[in-house]
Structures are given as structure tokens and as C-alpha cells.
Amino acid sequence: MTDTVTDTVIVHVPVLTQELMALLNPVINGVYLDATLGGGGHTRELLKRLGPEGVVIALDRDEEALERAAIEINDPRVRYVHGSFSDMADKVRAMGYHEIDGVIMDLGLSMTQMKDESRGFSFHSKEPLDMRMDRDLPVTAGEIVNKWSERDIERILREYGEERKALQIAREIVRQRKRERIETCLQLAAIVERVYRRRGRTHPATKTFQALRIAVNDELNQLSEGLSNALKILKKGGRLCVITYHSLEDRIVKRFILAAERQEGSLVRLNKKPIIPLRDEQRRNPSSRSAKLRGAEKL
């Protein structure tokens, strides 16, 4: 999911919407899980294709996103649920749905969250380094930057950010925090800029912030658990559709689907190569450029 910003108004623009709906192929009165509700773009599109008995279970880790969507969508066919990928099967079953017709997972970060400076996701923010998608999570980005060892900071920058200057950035973080605590996003971004000594089209702190966000929210483990949970609750013929935005996520999704298809025989791929946005969508919504869509059907 990505949003675009026009002056001061944030407009939610779901990514690969038509392609996703074509893969999902909704049953008119089916039950579907939007496991990443966010701004609700895919839920809205799904509701257009469902009949009066259809249901969308709208899950999100961010309670503020759930509250916003409940007001904006206002449709009795939607059931809002606070939760994460790791407990989504339990949440769905607790609502009385033991098998459902489809699961959507869009792993993009909402611009609504990015532009809310209090959430600490943006390197332009003067607010504290937070980055928690669920404010109940125990660790913030600020705690990692100020308390973790140089070795552990380097590791997450290398593994989760694929940052080629991981060692230099980790050393500079540790050196700077000895002088003063690194409190804000802007402070951290400036540290990374000093390591790079240049600015290009992409901010040099992009990979550092990605790595911290993944670590804070345990995103890759959550994704693996979410895929396993999706498989548990899909009925035969039910469909799983996942949109990823970087290679780490896409690799996990690709390997999961291939293993389920070739080793367990529990899924079959709907598309052998990932679907990416057409040039027109990329031009209208530049945040969609890295999106990849993969789909599979339960056997």
C-alpha cells in the first residue's frame, strides 16, 4: 500500500489494484482477509466485488489505522481486527470463520504513517526515533540506536537494509552516541549522511531506516508466520495474494510458495513471475515502482 501527498492532503492509492483483484478472483459472497488494512484501498476494491453476504476481515497492527478506516469505509460487511500476522489465524477463527476464500497481504508502508512525524519513520522528522507499527511493541528504533552493540547494529543494517556501509554507519552511530544520545530521526539521518558524504536522488539513510523498521517490527519473521497462517485458514481453491516492496520480502514469499507447491503440494502458483506495476501506474504513483505481486491457490 502506498499513498501520495498533494500539498497537505494525503491521498491513499492502493498499488496493483486491478492485477490483485484479477488474481484473487473474488467469490461474490465470499469471506476474505485483508491482513494489511492500512488506508483500506484494497478492502474498498474488494467490497465493490462482493455481494451483501460477503465479508472482509480487516486486520492491522496499527490501531490508529483501524480507527481511521472504520470511519472512512463505514460498511457493515467489514469486521475490523487489531492483530499481527503471527496471530491472524487465531483471530479469524475466533470470529467463527474456520476457512476463508482469500487472503491479501500488502507489505508496503502507508504514507499516512510516514507523514505522521510522531511515528518516527521519516528521516525528515524532528520527532523521536520510534518506528513501531504497533505502539505496544517493546523496542523502539531509538533504543536500538542508543543501546545495542556496534556489532548488532551493523548486523541489522547489513541483513535488513542490505547496506554496503553497514560497518561504517554502525561505528559512527556508536561514536556519536558517546557524545550525546541520538534522539531524533533527523539526528540519525545526519549521521548517515556524514558517512556517505554525498546526497543522490535517494536519501543515503533510506536503507538504514528500512533496517531499523524491520528490526523494530520483526517484519521478516512476521511475514513468514503470516504466510503459514494464511495457508492454514484458506479453503480449497482459496487464494493468497502478496505484494512486496524489497528483495528480502519477495525472497521469503517466493520461497514459501515454491516450497508449498513442490514439497507439500498444498499451493499452486497463479503467476510464475511477479507482476509489477505498468509504466503508467509507476508514473502516477512513484511509490509503486518497487512493488511485486505474487499469487497462489490452495489445493
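Side chains are part of it too, since the values below use all heavy atoms of this structure and drop only hydrogens, waters and symmetry mates. These figures come from a predicted structure and were not determined experimentally.
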**Report entry** Within one Ile-Leu-Val-Met-Phe-Trp-Tyr cluster: Leu278 and Leu16, side-chain cutoff 4.5 Å
**Finding:** no

Query - CG (Asp280) with more than 12 external heavy atoms under 6.0 Å - result: yes

Query raised in the report: With distance as the sole test, does Arg79 use its side chain to make a donor-acceptor pair with the main-chain N or O of Val56 at under 3.5 Å?
Result: no

Query - Short N-O contact, Lys48 and Glu45, less than 4.0 angstrom - result: yes

Report summary line: Note: Lys126 and Thr184 closest approach over all heavy atoms is O-CG2, 3.1 Å

Query raised in the report: Which of parallel (below 30°), tilted (30 to 60°) and perpendicular (above 60°) describes His203 and Phe123?
Result: parallel

Query raised in the report: Okay, side chain of Lys298, backbone of Leu234: is any donor-acceptor separation there less than 3.5 Å?
Result: yes

Report task. Report whether Leu248 and Met131 are members of the same hydrophobic cluster (ILVMFWY, side-chain heavy atoms less than 4.5 Å apart, transitive linking). Result -> yes

Query raised in the report: Which other residues belong to the hydrophobic cluster containing Leu299, where Ile, Leu, Val, Met, Phe, Trp and Tyr are joined when side-chain heavy atoms lie under 4.5 Å apart, directly or via other members?
Result: Val268

Query - Atom pair SG (Cys241) and CD (Glu19), whose distance is rounded to the nearest 0.5 Å - result: 11.5 Å

Query raised in the report: Is the count of non-hydrogen atoms from other residues, nucleotides or ligands lying under 6.0 Å from Leu220 atom CG greater than 12?
Result: yes

Report summary line: salt bridge (Lys or Arg N to Asp or Glu O under 4.0 Å) filter on Glu63, not counting sequence neighbours, yields none

Query - Atom of Lys272, atom of Arg294 and distance for their closest heavy-atom approach - result: O-NH1, 4.0 Å

Query raised in the report: With distance as the sole test, does Arg181 use its side chain to make a donor-acceptor pair with the main-chain N or O of Arg177 at under 3.5 Å?
Result: no

**Report entry** Shortest non-hydrogen separation from Asp60 to Asp62 and the atoms involved
**Finding:** OD1-N, 2.8 Å

**Report entry** Expected output: side-chain Glu225 to main-chain Gln222 donor-acceptor under 3.5 Å
**Finding:** no

Query raised in the report: Can you tell me if CZ on Arg289 sees more than 12 non-hydrogen neighbours from other groups inside 6.0 Å?
Result: no

**Report entry** Check: Asp218 main-chain N/O paired with Asn221 side-chain donor or acceptor under 3.5 Å
**Finding:** no

Query raised in the report: Considering only heavy atoms from C-beta outward, does the side chain of Asp134 approach that of His82 to under 4.5 Å?
Result: yes

Requested in this report: Looking only at non-hydrogen atoms, find the nearest pair between Cys185 and Ser122 and report the distance.
Outcome: CB-O, 3.0 Å

Query raised in the report: When you check the side-chain N and O atoms of Glu172 and Gln176, is any donor under 3.5 Å from an acceptor?
Result: yes

Report task. Using distance alone, with no hydrogens and no angle criterion, decide if Asp250 and Tyr245 have a side-chain donor and acceptor under 3.5 Å apart. Result -> no

Query raised in the report: Do Val174 and Val145 share a hydrophobic cluster (ILVMFWY, side-chain heavy atoms under 4.5 Å, transitive)?
Result: no

Query raised in the report: When rounded to the nearest 0.5 angstrom, what distance separates OG1 in Thr208 from OH in Tyr160?
Result: 15.0 Å

Requested in this report: Let me see the working for Glu64 and Arg135 under salt bridge (Lys or Arg N to Asp or Glu O under 4.0 Å), right down to the final yes or no.
Outcome: CA-CA 10 Å; Glu64 293 169 27; Arg135 291 186 190 270; 2.9 Å; yes

Query raised in the report: Backbone N or O of Val15 within a donor-acceptor pair of the His42 side chain at under 3.5 Å?
Result: yes

Query raised in the report: Under the salt bridge (Lys or Arg N to Asp or Glu O under 4.0 Å) test, which residues partner Arg251, sequence neighbours left out?
Result: Glu162

Query raised in the report: For the atom pair CG (Leu227) and CZ (Phe256), what is the distance rounded to the nearest 0.5 Å?
Result: 5.0 Å

Query raised in the report: Do Val192 and Leu167 share a hydrophobic cluster (ILVMFWY, side-chain heavy atoms under 4.5 Å, transitive)?
Result: no

Report summary line: Between Gln210 and Gly161 the two heavy atoms that sit nearest each other are NE2-CA, 4.0 Å

Report task. Tell me, with the steps shown, if Asp101 and Arg239 meet salt bridge (Lys or Arg N to Asp or Glu O under 4.0 Å). Result -> CA-CA 6 Å; Asp101 297 280; Arg239 293 188 167 190; over 6 Å; no

Requested in this report: Check for a donor-acceptor pair, side chain of Asp106 on one end and backbone N or O of Thr36 on the other, with a separation under 3.5 Å.
Outcome: no

Requested in this report: Would you please name every residue forming a salt bridge (Lys or Arg N to Asp or Glu O under 4.0 Å) with Glu261, sequence neighbours left out?
Outcome: Arg269

**Report entry** Partner residues of Arg132 under the salt bridge (Lys or Arg N to Asp or Glu O under 4.0 Å) criterion, sequence neighbours left out
**Finding:** Asp130

Requested in this report: For Asn271 and Gly295, indicate whether the former's side chain and the latter's backbone hold a donor-acceptor pair under 3.5 Å.
Outcome: yes

Query raised in the report: For atom NZ of Lys165, is the number of surrounding heavy atoms from other residues, nucleotides or ligands below 6.0 Å larger than 12?
Result: yes

**Report entry** Residue pair Ile182 / Leu188: nearest heavy atoms and the distance that separates them
**Finding:** CG2-N, 4.1 Å

Query raised in the report: Going by heavy atoms in the side chains, are Phe121 and Arg213 under 4.5 Å from each other?
Result: yes

Query raised in the report: Judged by atom type as modelled, is there a donor-acceptor pair below 3.5 Å linking the side chain of Asn229 to the main-chain atoms of Ser86?
Result: yes

Query raised in the report: Quick one: does Pro274's side chain get under 4.5 Å of Thr244's, heavy atoms only?
Result: no

Query raised in the report: Taking only residues two or more places apart in sequence, or in another chain, which ones meet Tyr97 in a ring pair (Phe, Tyr, Trp, His ring centres under 6.0 Å)?
Result: none

Report task. Evaluate salt bridge (Lys or Arg N to Asp or Glu O under 4.0 Å) for Arg44 paired with Glu72, printing each intermediate quantity in order. Result -> CA-CA 10 Å; Arg44 286 186 180 88; Glu72 294 171 3; 3.4 Å; yes

Query raised in the report: Is the shortest heavy-atom distance from the side chain of Met88 to the side chain of Ile57 under 4.5 Å?
Result: no

Requested in this report: Kindly indicate, with the supporting measurements, whether the criterion salt bridge (Lys or Arg N to Asp or Glu O under 4.0 Å) is fulfilled by Glu150 and Arg171.
Outcome: CA-CA 6 Å; Glu150 178 184 308; Arg171 280 182 179 164; 3.5 Å; yes

Report task. For the residue pair Leu107 and Phe85, establish whether any side-chain heavy-atom pair is separated by less than 4.5 Å. Result -> yes

Query raised in the report: Backbone N or O of Asn285 within a donor-acceptor pair of the Ser288 side chain at under 3.5 Å?
Result: yes

